[in-house]
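Below is one structure; the comments refer to it alone.
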Amino acid sequence: MGPGVAGRLLAARHHTRLAALARTDPHLVAHDLADPTPEVAAALAGAEVLLTCWGAPPLTDRVLAAAPRLRAVVHAAGSVKHHLTDACWDRGIAVSSAAAANALPVAEYTLAAILFANKRVLHAAHRYRGLRAPHDWPGELAGAGNYRRTVGVIGASRIGRRVIELLRPFDLRVLLYDPYVEAAEATRLGAAPVPLDALCADSDIVTVHAPQLPATRHLLGARQLALMPDGATLVNTARGALVDEAALLPELVTGRLHAVLDVTEPDLPRPGSPLYDLPNVLLTPHVAGSLGTELHRLADHALDELERYGQGRPFLAPVRREELHHSA
Ligand SMILES: NC(=O)c1ccc[n+]([C@@H]2O[C@H](COP(=O)([O-])OP(=O)(O)OC[C@H]3O[C@@H](n4cnc5c(N)ncnc54)[C@H](O)[C@@H]3O)[C@@H](O)[C@H]2O)c1
Ligand SMILES: O=C(O)[C@H](O)COP(=O)(O)O
């Protein structure tokens, strides 16, 4: 685990818990691979479990060769794609990640974005700031409200599924586009399965939850964006690359569309990008899933998994080899 990340991720109680775990099971060790001291190399040689996170160096063939006793890897973050290789599965090493735990905060952010978009909160706040006298108040905001509005969810991923779940109590129609999900499964989740173009044309809010893959680059391109109704909102908490930003910008600059963007491409828009100032855009710096206490959620999840491993129980959130190749 990288030292900076460990500092943000592990609260004092986690260090205490980790130390207690290591005491109860002498084979359970967690060390900082970023600091290749002889002591760490020796620890690696005896390590049965590794705890990794963002910022940790990838478990290359060299690291794996230096850890002959390694039986399990617990990744206290999302996708393991940039941290592990097939070699882990070839060696039968059990892998767990906190991607499922990370899904809830992102889904919560999305729910908040959807509700605020429907209530036209951004728009109202912007107008309110410019008011000089009460009689300037714009009155009813046309198109505002939840009643009978439609949310289009792209991707029945871990996060997409949680979003659909969180939307259940509201008076909203939910559409789902996911080429890998059967219609019956979409219906069971509580969403109507539709093709991508139909989702864009029929949704007041389009929210993106697919992984970044070659096939999903610019999934929302000029055609899909043009299909979105006037005044519709795009919510992107997935990856900037899924949306063709060059096609999105004019739609935002004219005010035809609104957007809530936690991710962009690159993640921090270039200096001077209109995204920073447009009144119809809410821009956040990739924080939907990993802000403050949410990092502690990931640490708690990872320590639960370490504890289960120590007790000889299977992981709650095992990662299949296929996720290396299909996940974000
Ligand atoms: N903003 C944040 O803080 C934050 C945090 C965590 C994850 N993310 C991002 O959110 C997205 C979802 O993450 P996840 O862990 O839920 O993903 P995931 O790994 O669960 O997604 C896999 C699923 O996506 C669906 N999918 C695959 N290709 C698709 C396509 N072409 N169109 C529609 N659906 C498709 C399939 O159902 C597949 O099972 C990812 O892009 C991830 O990087 C962002
Ligand atoms: O934005 C994200 O996807 C989360 O911060 C998790 O990232 P990761 O999947 O690359 O760990």
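Just so it is clear, the structure is predicted and the values come from calculations on it, not from any experiment. Both ligands and their constituent atoms are indexed starting at 1 by order of listing.
Residue contacts with ligand 2 for H286 involve side-chain atoms from C-beta outward but no N, CA, C or O (heavy atoms, distance under 4.0 Å). Using a 4.0 Å cut-off between heavy atoms, P179 contacts ligand 1 through its side chain alone, with no backbone atom that close. In H209, the part holding a heavy atom less than 4.0 Å from any atom of ligand 1 is the backbone. The proximity of A156 to ligand 1, defined as any non-hydrogen pair under 4.0 Å, is limited to the backbone.
Near T216, with a cut-off below 4.0 Å to any heavy atom, the atoms of ligand 1 are 30 (C), 31 (N). Each of the atoms 11 (C), 33 (C), 34 (N), 35 (C), 40 (C), 41 (O) of ligand 1 lies under 4.0 Å from some heavy atom of A210. Near G289, the atoms of ligand 1 lying under 4.0 angstrom from a non-hydrogen atom of the residue are 2 (C), 3 (O). Every atom of ligand 1 is numbered from 1 in the order shown, and the set under 4.0 Å from a heavy atom of H286 is 1 (N), 2 (C), 3 (O). Within ligand 1, the atoms closer than 4.0 Å to a non-hydrogen atom of A288 are 1 (N), 3 (O), numbered from 1 in the order shown. Every atom of ligand 2 with a heavy atom of N102 under 4.0 Å away is listed here by number and element: 4 (C), 6 (C). Interface atoms of ligand 1 facing D262, defined by a heavy-atom separation under 4.0 Å, are 1 (N), 2 (C), 3 (O). Listed by number with element, the atoms of ligand 2 under 4.0 Å from a non-hydrogen atom of R239 are 1 (O), 2 (C), 3 (O), 7 (O), 10 (O). Those atoms of ligand 1 with a heavy atom of I159 less than 4.0 angstrom away are 6 (C), 7 (C), 8 (N), 10 (O), 12 (C), 13 (O), 16 (O).
For R188, the salt bridge (charged side-chain N to carboxylate O under 4.0 Å, His left out) partners two or more places apart in sequence, or in a different chain, are E185. Looking at residues two or more places apart in sequence or on another chain, you find a ring-ring contact (aromatic ring centres under 6.0 Å, His included) between H75 and H83.
The shortest N/O to N/O separation between S290 and ligand 2 does not fall below 3.5 Å. Considering backbone and side-chain atoms together, R239 places an N or O closer than 3.5 Å to an N or O of ligand 1. The N/O atoms of S290, backbone and side chain alike, include none that comes under 3.5 Å of an N/O atom in ligand 1. Here's the thing with A77: none of its N/O atoms is less than 3.5 angstrom from an N/O atom of ligand 2. Taking only nitrogen or oxygen atoms, main chain and side chain alike, W54 reaches within less than 3.5 Å of ligand 2.
Checked options L283, T237, V235; the residue passing with L261 is L283 (criterion: side chain to side chain contact (heavy atoms under 4.5 Å, CB included)).
Remark: side-chain polar atoms of R161 are paired, donor with acceptor, to backbone N or O of A156 under 3.5 angstrom. Of the possible donor and acceptor atoms, one in the side chain of D262 sits under 3.5 Å from a partner among the backbone N and O of H286.
The heavy-atom pair separating N280 from L257 by the smallest distance is ND2-O, 2.9 Å. Taking each heavy atom of S157 and D178 in turn, the nearest pair found is N-OD2, 4.5 Å. Taking both residues in full, the closest heavy atoms of W89 and V95 are given as CZ2-CG2, 3.8 Å, listed atom of the first, atom of the second, then distance.
Under a 4.0 Å N-O distance rule, the pair E245/R270 does not qualify as a salt bridge. Salt-bridge formation is not detected for the pair E48/R71: no Lys NZ or Arg NE/NH1/NH2 atom is positioned less than 4.0 Å from an Asp or Glu carboxylate oxygen.
Comparing V106, N102, T237 against atom 44 (C) of ligand 1, the shortest heavy-atom distance belongs to T237. Nearest to atom 26 (N) of ligand 1 by heavy-atom distance, out of G155, P211, S157, is P211.
A donor-acceptor contact under 3.5 angstrom links the side chains of T284 and Y109, judged on distance only.
The number of heavy-atom neighbours closer than 6.0 Å to CZ of F170, taken from other residues, nucleotides and ligands shown, is above 12.
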